[in-house]
Asks: 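Sharing a structure, written as structure tokens. Questions coming.
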Amino acid sequence: MAHTTQALVIDPQNDFCDLPAAWQPADPVTGMRTTPSLPVAGAHADMQRTAAFVRARGALLDGIIITLDSHQQFDIAHPGYWQQADGRAVAAFTPITAAQVRAGAFAPRNAALLPRTLQYLDALERQGRYTHMVWPVHCEIGSWGHGVHAEVLAACGEWQLQRQRAVRNVFKGTSPFTEHYSAIEAEVPDADDPDTALNTRLLAALGAADRLFIAGEASSHCVRATTEHIVQHLPRLQPGWEPARITLLTDCMSPVGGFEAEHTAFLDAMRAQGVQLARSTDDF
């Protein structure tokens, strides 16, 4: 069987990129520039390097998979879901724990969702991976922010015509009741929503690659969670698969501000498990 090489580009979306003003379009209604809602410092340059990698290595890549964080205004990780004890709004970048909700400091605006919300927070905290965070509204389905960084989009378009095959897009985050950092599985899968369950089809596609290059945003959250889940699940689902098949392109990812330690810990942990770390310009 021929050896195959794939690229997995995680959430290369406008809302996550610290785009310069010239890259920000004017709002057709207000005339104001549309700015990224959750920009990661360094992400614009990361995505330019990712695009350059795709252009330089297009003949090497047998497949490209792009994941897309996909939310709506109403989302457990957005401010509009929450209120403070006195009814005031909850600011973005506010961490919320189950204990705070039980104490009445925060509550869902829809009181009927309190039991479900606490069930989610309890399950999330038992895992010990993340504290629930209220993020700015980001990657709203259909918005400019949901779209792919222009350079990455162009490079992948060129690759499609050169190789006569389509990029595979994977949408994640459509459930409003659970965070979905990983493209493999939601942080707390919902038994009533199959889109939050373990994505075995994606795992099978990734496991078929003899070499898997991973880039994207952000290394502290979605890149980290996706890679950890690949390393966790593929050896069980595909005996003989080894983490050494993965190469993290470290110059094509950056952490959310304030989560630099998580970025470093992630790279160290993956290296310890056999994952390869490289730069996009290395000789492969």
Side-chain angles (χ1 to χ4, degrees), residues 3-13 16 40-43 45-47 49-50 53-54 57 60-69 124 127-131 133 152 170 172-173 179-187 198-200 202-284:
H3 287 265
T4 62
T5 300
Q6 294 189 48
L8 173 63
V9 186
I10 297 169
D11 301 1
Q13 292 160 276
F16 295 135
V40 173
D46 293 340
M47 292 304 97
R49 286 187 286 267
T50 300
F53 173 81
V54 170
R57 304 292 179 178
L60 172 75
L61 298 175
D62 301 297
I64 297 176
I65 298 173
I66 293 179
T67 73
L68 295 167
D69 211 29
L124 183 70
Q127 294 174 13
R129 285 163 57 86
Y130 299 99
T131 297
M133 179 69 75
V152 174
V170 176
K172 64 182 182 68
E179 188 56 272
H180 208 147
Y181 296 128
S182 168
I184 303 301
E185 184 179 39
E187 291 307 309
L198 189 70
N199 191 334
T200 54
L202 176 57
L203 280 168
L206 298 172
D210 297 286
R211 189 161 201 180
L212 176 64
F213 292 100
I214 297 180
E217 305 302 340
S219 55
S220 53
H221 287 78
C222 297
V223 174
R224 168 191 166 192
T226 301
T227 306
E228 287 176 345
H229 276 160
I230 294 170
V231 171
Q232 175 186 346
H233 292 292
L234 262 181
R236 174 177 58 84
L237 297 175
Q238 188 175 308
W241 183 91
E242 297 180 347
R245 294 192 190 186
I246 294 176
T247 299
L248 292 173
L249 299 177
T250 57
D251 62 333
C252 295
M253 58 183 68
S254 296
V256 174
F259 290 88
E260 291 79 10
E262 285 77 2
H263 162 91
T264 301
F266 160 60
L267 294 182
D268 289 345
M270 291 299 100
R271 184 190 292 111
Q273 293 185 64
V275 171
Q276 307 297 305
L277 274 60
R279 295 180 64 82
S280 59
T281 53
D282 287 351
D283 187 17
F284 299 109

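What's counted below: heavy atoms across the whole structure, side chains too, no hydrogens, waters or symmetry copies.
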Asks: Looking at E260, I want to see if its CD is surrounded by more than 12 non-hydrogen atoms of other residues, nucleotides or ligands under 6.0 Å.
Replies: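 Buried by this count: over 12 neighbours within 6.0 Å.
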Asks: Got a second to check how far I10's CD1 is from L68's CG, nearest 0.5 Å?
Replies: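 Between atom CD1 of I10 and atom CG of L68 there are 11.5 Å.
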Asks: Looking at V256, is its backbone amide N or carbonyl O close enough to the side chain of S220 to form a donor-acceptor pair, meaning the two atoms are under 3.5 Å apart?
Replies: yes
Asks: Knowing that exactly one of I65, I184, T226 qualifies, which makes a side chain to side chain contact (heavy atoms under 4.5 Å, CB included) with V170?
Replies: I65
Asks: Does Q13 reach the main-chain N or O of D69 with its side chain, forming a donor-acceptor pair under 3.5 Å?
Replies: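 Yes: the side chain of Q13 pairs with the backbone of D69.
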Asks: Rounded to the nearest 0.5 Å, what's the gap from CG on L212 to CG on L206? Could you check?
Replies: 5.5 Å
Asks: Considering only residues two or more places apart or on different chains, which pairs with a residue in residues 224-244 satisfy ring pair (Phe, Tyr, Trp, His ring centres under 6.0 Å)?
Replies: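 Residue pairs with at least one partner in residues 224-244: H229-H233.
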Asks: Measure from the side-chain N and O atoms of Q6 to the backbone N and O of A205, and report whether any donor-acceptor pair falls under 3.5 Å.
Replies: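 Pair found, side chain donor or acceptor close to backbone of A205.
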Asks: Working to the nearest 0.5 Å, report the span between OH of Y130 and CD of E262.
Replies: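 If I round to the nearest 0.5 Å, the distance is 9.0 Å.
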Asks: Which heavy atom of N199 sits nearest to which heavy atom of L202, and what is that distance?
Replies: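 Looking at all heavy atoms of both residues, the closest pair is OD1-N, 2.9 Å.
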Asks: For residues 245-253, which side-chain donor-acceptor pairs fall under 3.5 Å, sequence neighbours excluded?
Replies:
residue	atom	partner	partner atom	Å
R245	NH1	G207	O	3.1
R245	NH1	A209	O	3.3
T247	OG1	R211	NE	3.3
T247	OG1	R211	NH2	3.4
T250	OG1	A278	O	3.2
D251	OD1	S280	N	2.8
D251	OD1	S280	OG	3.4
D251	OD2	S280	N	3.4
D251	OD2	S280	OG	2.8

Asks: If I compare all heavy atoms of T67 with all of K172, which pair ends up nearest, and what's the gap?
Replies: OG1-CE, 4.1 Å
Asks: Counting distance only, does the side-chain N/O of E242 pair as donor-acceptor with the main-chain N or O of G240 below 3.5 Å?
Replies: no
Asks: Any idea which heavy atoms bring E217 and V223 closest together, and the distance?
Replies: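 That would be N-CG2, 3.6 Å.
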Asks: Do you know which two heavy atoms are closest between A41 and S254, and how far apart they sit?
Replies: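 Smallest heavy-atom distance, with atoms named: O-CB, 3.4 Å.
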Asks: In Å and rounded to the nearest 0.5 Å, what is the CD1 to CG distance from I214 to L8?
Replies: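 The CG atom of L8 is 5.0 Å from CD1 of I214, to the nearest 0.5 Å.
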Asks: So does R49 pair up with D46, basic N to acidic O under 4.0 Å?
Replies: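 Yes.
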Asks: Which atom pair, heavy atoms only, marks the closest approach of L198 to R236?
Replies: CD2-NH2, 3.8 Å
Asks: If you take all heavy atoms of G173 and H180, which pair is closest and at what distance?
Replies: N-ND1, 3.3 Å
Asks: Keeping to residues at least two apart or across chains, list the ring pair (Phe, Tyr, Trp, His ring centres under 6.0 Å) pairs with something in residues 251-284.
Replies: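 For residues 251-284: F213-F284, H221-F259.
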Asks: Rounded to the nearest 0.5 Å, how far apart are CD of Q127 and CD of E187?
Replies: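 CD of E187 is found 6.0 Å from CD of Q127.
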